[in-house]
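Atom set for the values below is all heavy atoms of this structure, side chains included, hydrogens, waters and symmetry mates excluded.
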Amino acid sequence: MAPPRNVVKIAVQMRDAIPQLIQLDQAKPLAAVLKEVCDAWSLTHSERYALQFADGHRRYITENDLEAEKLLGGLQSPSREVRQEALRHLVLLATDMTFAQEVISRDGLQRLGTIIEDGDDLGEVLALGLKAFLELMEHGVVSWETLSIPFVRKVVCYVNMNLMDASVQPLALRLLESVTLSSPALGQLVKSEVPLDRLLVHLQVMNQQLQTKAMALLTALLQGANPTERKHMLDYLWQRNLRQFIYKNIIHSATPLGDEMAHHLYVLQALTLGLLEPRMRTPLDPYSQEQREQLQALRQAAFELEGESLSTGLSADHRRSLCAREFRKLGFSNSNPAQDLERVPPGLLALDNMLYFSRHAPSAYSRFVLENSSREDKHECPFARSSIQLTVLLCELLRVGEPCSETAQDFSPMFFGQDQSFHEFFCVAIQLLNKTWKEMRATQEDFDKVMQVVREQLARTLALKPTSLELFRTKVNALTYGEVLRLRQTERLHQEGTLAPPILELREKLKPELMSLIRQQRLLRLCEGTLFRKISSRRRQDKLWFCCLSPNHKVLQYGDVEEGTNPPTPESLPEQIPVVDIRALLTGKDCPHVREKGSGKQNKDLYELAFSISYDHGEEEAYLNFIAPSKRDYYLWTDGLNALLGSPMGSEQTRLDLEQLLTMETKLRLLELENVPIPEQPPPVPPPPTNFNFCYDCSIIES
């Protein structure tokens with residue numbers, strides 16, 4: 001009778017001992033096999049021994065070796081069920097770095113590549129093959145640039161097919177995104193082989209995962225294109241109504257927007273606004289006929305009737321004098337407006353904004369200019385000077401020309417609400433500036449103060465993330481100068497408190513107790529755990545992992561999780577690090593996972609969110625690397641880890657929390673001195689109203 005397929009005969013030898021020929025049951029744990037071999041030689045403490053290949057690389061045999069060999073053998077089985085089962089196990093185990101290295105060293109990627117290129121099964125086998133391939137590649141052991149052109153073309157075919165399994169195309173799109181971001185040469189191949197119309201088709205499918213991966217590949221292609229190609233691509237996408245589709249069917253979808261999609265919408269917004277950078281960096285050319293005509297058109301739009309009546313019959317010198325006077329009325333600091341627009345930024349972008357305002361809101365433009373040019377009391381608001389400075393301000397607020405962040409999700413929904421969003425935003429902002437100027441009764445000497453108030457009005461309203469330009473207009477106009485002063489005063493009083501010597505002494509006595517309270521809160525936050533996103537050296541990952549502190553504060557536990565699932569329980573997490581083994585906490589550029597990224601602007605946000613812990617792993621030093629999902633999570637985790645290691649918590653968040661607690665506790669103590677009763681329980685929440693009919697009286701402020 002033939003032995004079972006999982007039993008093989010191998011020879012085992014040891015120095016100064018008679019070699020053994022044993023039957024190795026591959027289903028049996030390696031520890032049990034070692035014990036049997038040691039028993040045959042009458043050796044105790046089998047856990048101190050290991051098997052090693054006698055020939056070739058002389059590598060030690062681990063459970064990973066046996067499992068990798070078994071699974072890779074299953075991939076070559078003629079049975080579809082065996083191949084499918086091997087792929088399922090491979091996907092589960094491929095997230096482990098050690099196992100992945102074993103599989104890769106045994107030509108596992110080539111075997112998976114054969115399954116993907118053959119495409120014999122376009123269903124679950126292909127999906128599992130793509131997923132296993134991606135899992136292995138994400139470890140960074142093998143470069144994406146080593147992939148062959150036929151392999152990439154085959155994956156492109158899966159993306160371009162009309163009838164394809166729903167589980168295959170998101171994985172194929174994800175693979176092509178990685179290729180595009182990692183290899184310029186292969187990225188050009190993907191760009192030429194995957195039509196933009198095909199990605200638009202995927203975006204219109206009501207499948208959130210497919211939409212997200214299609215958007216990921218789209219933004220990757222845009223990032224890899226040169227500025228001219230990028231402009232052509234974005235112009236085409238806008239013509240195909242991509243903006244309207246995103247606004248109606250993704251941003252306002254009934255399904256909540258995922259973090260990855262929010263990041264890609266941020267990238268799309270940043271790249272689109274980046275098209276304005278050349279105009280922002282280009283000064284006006286006084287010898288350009290086109291630009292001179294644009295300036296004259298701006299002047300004529302404001303003073304057309306006056307200019308027509310006065311210019312007839314005048315000499316050339318008188319006409320030049322009249323033009324210079326009108327440019328002064330328009331708000332230019334120099335009689336020659338070209339000198340005002342030589343400053344970069346904003347360069348020609350300021351001229352573009354002024355022309356857009358004059359052509360698309362002619363009544364508001366004429367009213368703004370004529371209302372201010374006719375005043376003689378130094379309270380006139382200079383349109384051109386205001387427009388130039390406001391364009392600089394908008395570029396700063398919207399980060400025009402800055403590299404895309406690898407982690408940011410801070411896109412503005414109203415950006416996708418209309419065409420020419422930057423110029424439309426300017427039209428709202430310049431009218432707000434005129435309104436605020438009048439509310440402040442400002443003069444020319446107050447110009448910088450007015451700009452500071454306008455910056456605050458715009459920044460506060462943008463932070464509310466209004467979903468449309470009209471909603472932004474309503475909210476920003478409601479934030480009057482008086483309201484800004486009230487908010488400033490409230491915040492100042494809240495932060496300053498009282499500075500009397502007895503109160504300062506009380507605050508010092510309260511600090512240790514409140515710092516202990518903050519420490520408890522930070523450790524509790526670590527026990528609750530956080531979902532972190534994996535980031536490789538070349539691309540933003542869509543994979544998540546969860547880390548938490550055990551309830552007894554003895555162990556850090558972590559493991560991979562699927563997006564959209566509930567946070568796992570600490571007991572279910574496969575990996576753990578004893579707190580006593582932790583050596584140090586590293587932050588920013590000291591972290592090993594960002595150290596090699598260089599010091600470019602695009603990595604600034606990554607440095608600000610990166611932290612690592614170094615710990616003892618056997619006789620070696622190992623690292624657990626983190627990228628916090630937000631600045632607040634970064635502060636909470638670094639504070640918590642410092643508290644865990646007995647180091648001081650010195651973050652900005654700790655300072656703010658301590659200040660808030662000190663202010664609250666001081667006020668409570670003062671109320672007690674005044675015999676004001678403070679209830680132990682908060683007052684009850686009033687019941688909801690039974691009548692939901694209401695009327696909102698909105699007085700529209702005329703622009």
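- Side chains of Leu218 and Leu242 form a contact here, defined as non-hydrogen atoms less than 4.5 Å apart.
- Taking all atoms of both residues into account, the shortest heavy-atom contact from Val103 to Ala68 is CG2-CB, 4.0 Å.
- More than 12 non-hydrogen atoms from other residues, nucleotides or ligands lie less than 6.0 angstrom from CG of Asp560.
- In this structure, the side chain of Arg106 does not engage the main chain of Glu69 through any donor-acceptor pair within 3.5 Å.
- Ion pairing between Glu135 and Lys131 fails under the 4.0 Å rule for side-chain N and carboxylate O.
- Between Ser182 and Ser178, the closest heavy-atom pair is OG-O, 2.8 Å.
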For this session: Take Ile149 and Leu186 through the test side-chain contact (heavy atoms from CB on, under 4.5 Å) and record every step on the way to the result.
Result: CA-CA 7 Å; Ile149 291 177; Leu186 292 176; 4.2 Å; yes

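- Of the possible polar contacts, none joining the Ser77 side chain to the Gly73 backbone as a donor-acceptor pair under 3.5 Å is found.
- Under the 3.5 Å distance criterion, the side-chain polar atoms of Glu229 are left unmatched by any main-chain donor or acceptor of Gly224.
- His263 and Tyr266 have tilted rings, their planes meeting at an angle from 30° to 60° on a 0 to 90° scale.
- Looking at Glu85 and Glu81, their side chains never come closer than 4.5 Å, going by heavy atoms from C-beta outward.
- Atom CE in Met215 sits 6.0 Å away from atom CG in Leu268 (nearest 0.5 Å).
- A salt bridge is defined here as a Lys NZ or Arg NE, NH1 or NH2 lying under 4.0 Å from an Asp or Glu carboxylate O, and Glu138 with Arg174 meets this definition.
- The aromatic rings of Phe626 and Trp637 sit tilted, their planes meeting at an angle between 30° and 60°.
- Closest approach of Ser612 and Asn625 over heavy atoms only: OG-OD1, 2.8 Å.
- Listed by first then second residue, pairs satisfying side chain to side chain donor-acceptor pair (under 3.5 Å) with a partner in residues 149-158 read Arg153-Glu193, not counting sequence neighbours.
- For the atom pair OH (Tyr635) and CG (Leu609), the distance works out to 9.5 Å, reported to the nearest 0.5 Å.
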For this session: Start with the C-alpha gap between Leu210 and Leu173, add the side-chain angles, then the distance that decides, and say whether side-chain contact (heavy atoms from CB on, under 4.5 Å) holds.
Result: CA-CA 8 Å; Leu210 185 59; Leu173 287 163; 3.6 Å; yes

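- With a 4.5 Å cut-off on side-chain heavy atoms, Leu257 and Phe411 count as touching.
- At least one donor-acceptor pair closer than 3.5 Å links the side chain of Arg111 to the backbone N or O of Leu72.
- What you find for Ile613 and Leu585 is that their closest heavy atoms are CG2-CD1, 4.1 Å.
- Annotation: side chain of Gln84 is in contact with side chain of Leu128 (closest heavy-atom distance under 4.5 Å).
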For this session: Given side-chain contact (heavy atoms from CB on, under 4.5 Å), test Leu217 with Val190 step by step and report yes or no.
Result: CA-CA 10 Å; Leu217 179 55; Val190 174; 4.2 Å; yes

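- No donor-acceptor pair under 3.5 Å is formed between the side chain of Gln211 and the backbone N or O of Met206.
- A distance of 10.5 Å separates CD1 of Ile104 from CZ of Phe99, quoted to the nearest 0.5 Å.
- Counting heavy atoms from C-beta outward, Leu398 and Phe415 have side chains that stay 4.5 Å or more apart.
- Going from atom CG of Leu222 over to atom OG1 of Thr180 covers 11.0 Å, rounded to the nearest 0.5 Å.
- Counting only heavy atoms from C-beta outward, the side chains of Phe532 and Pro629 approach each other to under 4.5 Å.
- Annotation for Ala610 and Ile627: closest pair CB-CD1, 3.8 Å, computed over non-hydrogen atoms.
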Exercise. So His139 and Gln101, side-chain contact (heavy atoms from CB on, under 4.5 Å) or not? Walk me through it.
Worked result: CA-CA 9 Å; His139 291 290; Gln101 288 175 327; over 6 Å; no

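- Put simply, CD on Gln223 and CZ on Arg230 are 7.5 Å apart, with the number rounded to the nearest 0.5 Å.
- Other residues, nucleotides and ligands contribute only 12 or fewer heavy atoms inside 6.0 Å of the CD atom of Gln13.
- Taking the centre of each ring, Phe133 and Phe151 come in below the 6.0 Å mark.
- No side-chain heavy atom of Val155 sits under 4.5 Å from any side-chain heavy atom of Val152.
- Between the side chain of Arg399 and the backbone N or O of Cys404 there is no donor-acceptor pair closer than 3.5 Å.
- Note that CE of Met233 and CG of Leu199 are 8.5 Å apart. Values are rounded to the nearest 0.5 Å.
- Note on ring orientation: taking the six-membered ring where Trp is involved, the planes of Phe611 and Tyr634 are perpendicular (angle over 60°, cut-offs 30° and 60°).
- In summary, of the residues considered (Leu556, Ile577, Val579), a side-chain contact (heavy atoms from CB on, under 4.5 Å) with Tyr615 occurs for Ile577 alone.
- Atom NE2 of His617 sits in a sparse spot, with 12 or fewer heavy atoms from other residues, nucleotides or ligands closer than 6.0 Å.
- The salt bridge (Lys or Arg N to Asp or Glu O under 4.0 Å) test applied to Lys631 returns no partner, not counting sequence neighbours.
- Annotation for Val555 and Gln576: closest pair CG1-CB, 3.3 Å, computed over non-hydrogen atoms.
- Between the side chain of Ser183 and the main chain of Trp144, no donor-acceptor pair closer than 3.5 Å is present.
- With salt bridges taken as basic N to acidic carboxylate O contacts below 4.0 Å, none links Arg533 and Glu260.
- The backbone N or O of Pro570 sits less than 3.5 Å from a side-chain atom of Gln557, completing a donor-acceptor pair.
- Between Glu575 and Leu624 there is no side-chain heavy-atom pair separated by less than 4.5 Å.
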